[in-house]
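Structure record follows, encoded as structure tokens.
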Amino acid sequence: MLAHLVLLLAAIASPARGDPPTSGAAIGDTVLLHWRGTFESGKSASSSTEIAVWSPLARRLFVCGGPSGIVRLDCSDVRTPKVDRHFKADGVTSVSAHDGLIAACHSGPTPGSVGEVLLFDLELKLLGRVPVGHGPDMLCFTPDGSHLLVANEGEPTADGSNPPGSISVIDVSKGAANARCTNVTFDAPQFGIDALRKRGVLLPHPTRSAAEQLEPEYIAIEPDGSRAWVTLQENNAIAAIDLRAARVLDIFPLGTQSFAAARGGLDPSDKDGAARIQPWPVEGLLQPDSVGCFAAGGTLYLWTANEGESLADHSVRVRDLANRVDRAKPALDPDAFSDDATAGLRHARTVLSSDGLGRLEVCPLLGDDDGDGDYDRLVCFGGRSVALWKVGGSASSPTIERVWDSGSTMERELLARTPSAFNADSEESPSMDKRSAKRGPEPEGLTIVEHGGRRLLCVGLERPGGVMVWDTSDPQAPVFAGYCNRRDPSVGGTQAGDLAPEGLCVIPAASSPTGEPLLVLCNEFSGTVSLFAIESKR
């Protein structure tokens with residue numbers, strides 16, 4: 001009864017024009033996100049609102065995405081933020097701020113070309129341009145603001161070329177006019193394709209170098225500014241960068257997530273007519289998009305949002321694996337997947353069915369462990385989770401260890417709280433269960449919030465929408481704290497609310513227009529930026 005009352009009160013508080021309420025709150029949630037207002041770009045389906053950053057100095061929100069360039073939002077009336085400055089440019093992919101400087105990635109004139117970083121003052125007056133690597137997709141300042149780091153993804157182009165990925169380190173300590181760039185590359189001898197493949201880094205093209213195939217996605221910088229951690233999403237790896245020496249220290253394969261555990265599982269089918277989370281014999285490549293970094297009790301930790309990413313030429317449904325092997329023998333190894341009907345979820349026929357794993361997209365490059373032409377394991381894309389990593393080793397020779405993973409919590413909480421949004425598609429409504437055979441909820445963006453004496457991890461779910469929150473005050477025992485989704489999964493278009501969350505950031509209470517910390521959620525498909533007050537309950 002109380003849960004229904006919470007939803008009813010949220011609906012009453014919603015504006016008369018019909019915006020969907022903040023929903024999903026349940027008895028026992030310790031963090032609540034209260035919707036305060038939304039900026040509507042009017043450019044849905046154009047990726048016009050992908051990334052935002054708050055400038056405490058300007059007390060403005062800077063938002064970028066796709067064809068919109070950069071807009072500066074005045075949030076003094078938090079209910080309806082307004083554009084008060086605009087820099088027009090196509091291909092702006094990320095934005096960051098430090099003191100009086102605003103920086104943005106510009107992807108360049110054609111796919112695969114060398115991009116640039118644009119430097120602005122707080123009035124969006126262009127101060128300078130700095131050439132960087134191929135396909136810059138994300139950037140951030142070091143904690144002291146002296147340097148900018150840029151993840152140059154270097155994605156393959158339509159003409160078949162594959163420019164190298166890299167990290168640009170831009171020194172802005174002497175001002176925008178004197179900015180200097182150093183590109184950190186992955187072409188050192190120890191990062192050869194054979195060596196990395198043996199360690200478990202996913203490099204699908206045997207004729208291309210590792211440097212060409214490694215694709216930096218997102219960057220987190222350690223609190224002291226000495227090292228950076230860079231996700232290589234398509235490669236299921238993360239790289240450690242020495243910022244003082246401007247070199248790659250190491251590349252770490254991230255392994256897989258088992259969906260076979262009794263308390264784990266996933267829903268692998270979009271054609272079974274329902275949401276069914278079961279412990280199937282399949283593993284998921286973690287393939288994180290965003291990464292965050294924090295220190296606690298003298299130990300350094302990393303968070304990763306394990307979204308997943310299908311490889312264009314190397315993705316196939318389980319039922320079609322037979323087309324990849326000798327048709328005279330089964331596609332699945334009989335020792336791993338039995339013909340005995342009593343084998344339960346390891347029954348080969350059950351696995352290959354549309355109600356089982358048959359429609360799940362997997363990587364055909366992985367799973368034939370003994371090289372005999374059939375599949376001993378099934379490996380899909382994405383961990384459908386967030387993971388916590390402990391950083392160890394020395395400054396020049398770091399190590400990482402996964403110490404916690406959210407497992408199936410995302411899918412289970414979606415099903416329990418907003419079943420009509422369960423593994424839904426971000427571009428279509430209603431679409432419950434549509435993304436189950438791909439990568440499920442696809443956790444993408446994350447941010448860490450210090451509030452009420454707690455350290456909160458907020459994670460955006462790209463497909464069903466909304467934000468899930470974990471209380472990570474004790475890094476050894478994170479606790480699920482709540483879920484908020486400002487989407488109506490029963491309707492499409494502009495009436496649906498927020499669709500496809502991409503970037504998250506926080507407006508601190510000290511500079512917030514409402515005097516309370518605000519979580520900012522950029523939604524690329526709906527073209528909206530929503531602001532939520534954070535309430536931490538005891």
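Only a predicted model underlies this, so the values are computations on that prediction, with no experimental measurement involved.
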With a 4.5 Å cut-off on side-chain heavy atoms, are [Y] and [X] touching?
{"X": "Leu61", "Y": "Cys505", "result": "yes"}
{"X": "Glu524", "Y": "Glu462", "result": "yes"}
{"X": "Val386", "Y": "Thr409", "result": "no"}
{"X": "Glu450", "Y": "Val506", "result": "no"}
{"X": "Pro223", "Y": "Leu300", "result": "yes"}
{"X": "Arg486", "Y": "Trp35", "result": "yes"}
{"X": "Lys82", "Y": "Asp77", "result": "no"}
{"X": "Lys537", "Y": "Leu32", "result": "yes"}

For [X] and [Y], indicate whether the former's side chain and the latter's backbone hold a donor-acceptor pair under 3.5 Å.
{"X": "Ser290", "Y": "Tyr218", "answer": "no"}
{"X": "Thr38", "Y": "Ser530", "answer": "no"}
{"X": "Ser429", "Y": "Val491", "answer": "yes"}
{"X": "Arg244", "Y": "Gly225", "answer": "no"}
{"X": "Ser431", "Y": "Lys434", "answer": "no"}
{"X": "Thr142", "Y": "His147", "answer": "yes"}

Next on the checklist: For Phe294, run the ring-ring contact (aromatic ring centres under 6.0 Å, His included) check against Tyr301, Trp229, Trp389 and tell me which one passes.
Outcome noted: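 So the option named by the test is Tyr301.
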Checklist entry - For Ser490, which residues count as a side chain to side chain contact (heavy atoms under 4.5 Å, CB included) partner, sequence neighbours excluded? => result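 Listed in chain order: Asp488.
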Are [X] and [Y] close enough that a side-chain donor and a side-chain acceptor fall under 3.5 Å?
{"X": "Thr418", "Y": "Asn485", "result": "no"}
{"X": "Asn423", "Y": "Glu411", "result": "yes"}
{"X": "Gln257", "Y": "Asp405", "result": "yes"}
{"X": "Glu516", "Y": "Thr514", "result": "yes"}

Kindly compute the distance separating [atom1] ([X]) from [atom2] ([Y]), expressed to the nearest 0.5 Å.
{"X": "Asp144", "Y": "Ser173", "atom1": "CG", "atom2": "OG", "result": "9.0 Å"}
{"X": "Arg402", "Y": "Thr304", "atom1": "CZ", "atom2": "OG1", "result": "8.0 Å"}
{"X": "Ser512", "Y": "Arg59", "atom1": "OG", "atom2": "CZ", "result": "8.5 Å"}
{"X": "Leu531", "Y": "Ile507", "atom1": "CG", "atom2": "CD1", "result": "5.0 Å"}
{"X": "Leu446", "Y": "Cys458", "atom1": "CG", "atom2": "SG", "result": "9.0 Å"}
{"X": "Arg487", "Y": "Leu461", "atom1": "CZ", "atom2": "CG", "result": "11.0 Å"}

Specify the closest pair of heavy atoms between [X] and [Y], including all atoms of both residues, with the distance to one decimal.
{"X": "Ser96", "Y": "Leu139", "result": "CB-O, 3.9 Å"}
{"X": "Glu222", "Y": "Ser226", "result": "OE1-OG, 3.7 Å"}
{"X": "Leu286", "Y": "Asn236", "result": "N-OD1, 3.1 Å"}
{"X": "Ile534", "Y": "Leu518", "result": "CD1-C, 4.4 Å"}
{"X": "Ile448", "Y": "Trp303", "result": "CD1-CD1, 3.8 Å"}
{"X": "Ile51", "Y": "Gly503", "result": "CD1-CA, 3.9 Å"}

Checklist entry - Only one of Pro489, Ser436, Pro464 clears side-chain contact (heavy atoms from CB on, under 4.5 Å) with Phe422; which? => result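 Exactly one candidate clears the test, Ser436.
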Next on the checklist: Before you tell me yes or no, could you show the steps for Asp84 and Arg72 under salt bridge (Lys or Arg N to Asp or Glu O under 4.0 Å), namely the whole-Å CA-CA distance, both residues' side-chain angles and the distance that decides it to 0.1 Å?
Outcome noted: CA-CA 6 Å; Asp84 69 1; Arg72 192 181 75 171; 2.8 Å; yes
Compile the donor-acceptor pairs under 3.5 Å between side chains in residues 99-106 and protein atoms, sequence neighbours left out, one pair per line.
unit_1	atom_1	unit_2	atom_2	d
His106	ND1	Glu116	OE2	3.3
His106	NE2	Asp90	O	2.8

Next on the checklist: Suppose we screen for side chain to side chain donor-acceptor pair (under 3.5 Å). Which residues come up paired with Ser526, at least two apart in sequence or across chains?
Outcome noted: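 Listed in chain order: Thr528.
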Next on the checklist: Show, in sequence, the C-alpha distance, side-chain angles and deciding distance for Glu155 and Asp137, and conclude whether the side chain to side chain contact (heavy atoms under 4.5 Å, CB included) test is met.
Outcome noted: CA-CA 10 Å; Glu155 291 182 298; Asp137 194 49; over 6 Å; no
Checklist entry - Restricting to pairs with a member in residues 42-90, which pass ring pair (Phe, Tyr, Trp, His ring centres under 6.0 Å), not counting sequence neighbours? => result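 Qualifying pairs: Phe87-Phe120.
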Item to check | Partner set under salt bridge (Lys or Arg N to Asp or Glu O under 4.0 Å) for Arg463, not counting sequence neighbours | outcome: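 Salt bridge (Lys or Arg N to Asp or Glu O under 4.0 Å) list for Arg463, sorted by chain: Asp425, Glu442.
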Next on the checklist: Applying ring-ring contact (aromatic ring centres under 6.0 Å, His included), can you list everything that pairs with Phe39, at least two apart in sequence or on another chain?
Outcome noted: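 Here no residue qualifies.
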Next on the checklist: As a quick check of understanding, evaluate side chain to side chain contact (heavy atoms under 4.5 Å, CB included) for Thr472 and Leu388, giving each step before the final call.
Outcome noted: CA-CA 10 Å; Thr472 69; Leu388 179 66; over 6 Å; no
Checklist entry - When you look at Ile238 and Leu232, which way does the side chain to side chain contact (heavy atoms under 4.5 Å, CB included) test go after all the steps? => result CA-CA 5 Å; Ile238 192 167; Leu232 307 168; over 6 Å; no
Next on the checklist: What verdict does the side chain to side chain contact (heavy atoms under 4.5 Å, CB included) test give for Asn152 and Asn183, after you've listed the backbone C-alpha separation in whole Å, the side-chain angles of each residue and the deciding distance to 0.1 Å?
Outcome noted: CA-CA 9 Å; Asn152 305 301; Asn183 277 337; 4.2 Å; yes
Item to check | Basic-acidic side-chain contact under 4.0 Å: Glu309, Arg439 | outcome: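 Answer for the salt bridge query: no.
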Next on the checklist: If you apply the rule side chain to side chain donor-acceptor pair (under 3.5 Å), what do you find for Ser41 with Thr49, and how did you get there?
Outcome noted: CA-CA 8 Å; Ser41 69; Thr49 53; 5.1 Å; no
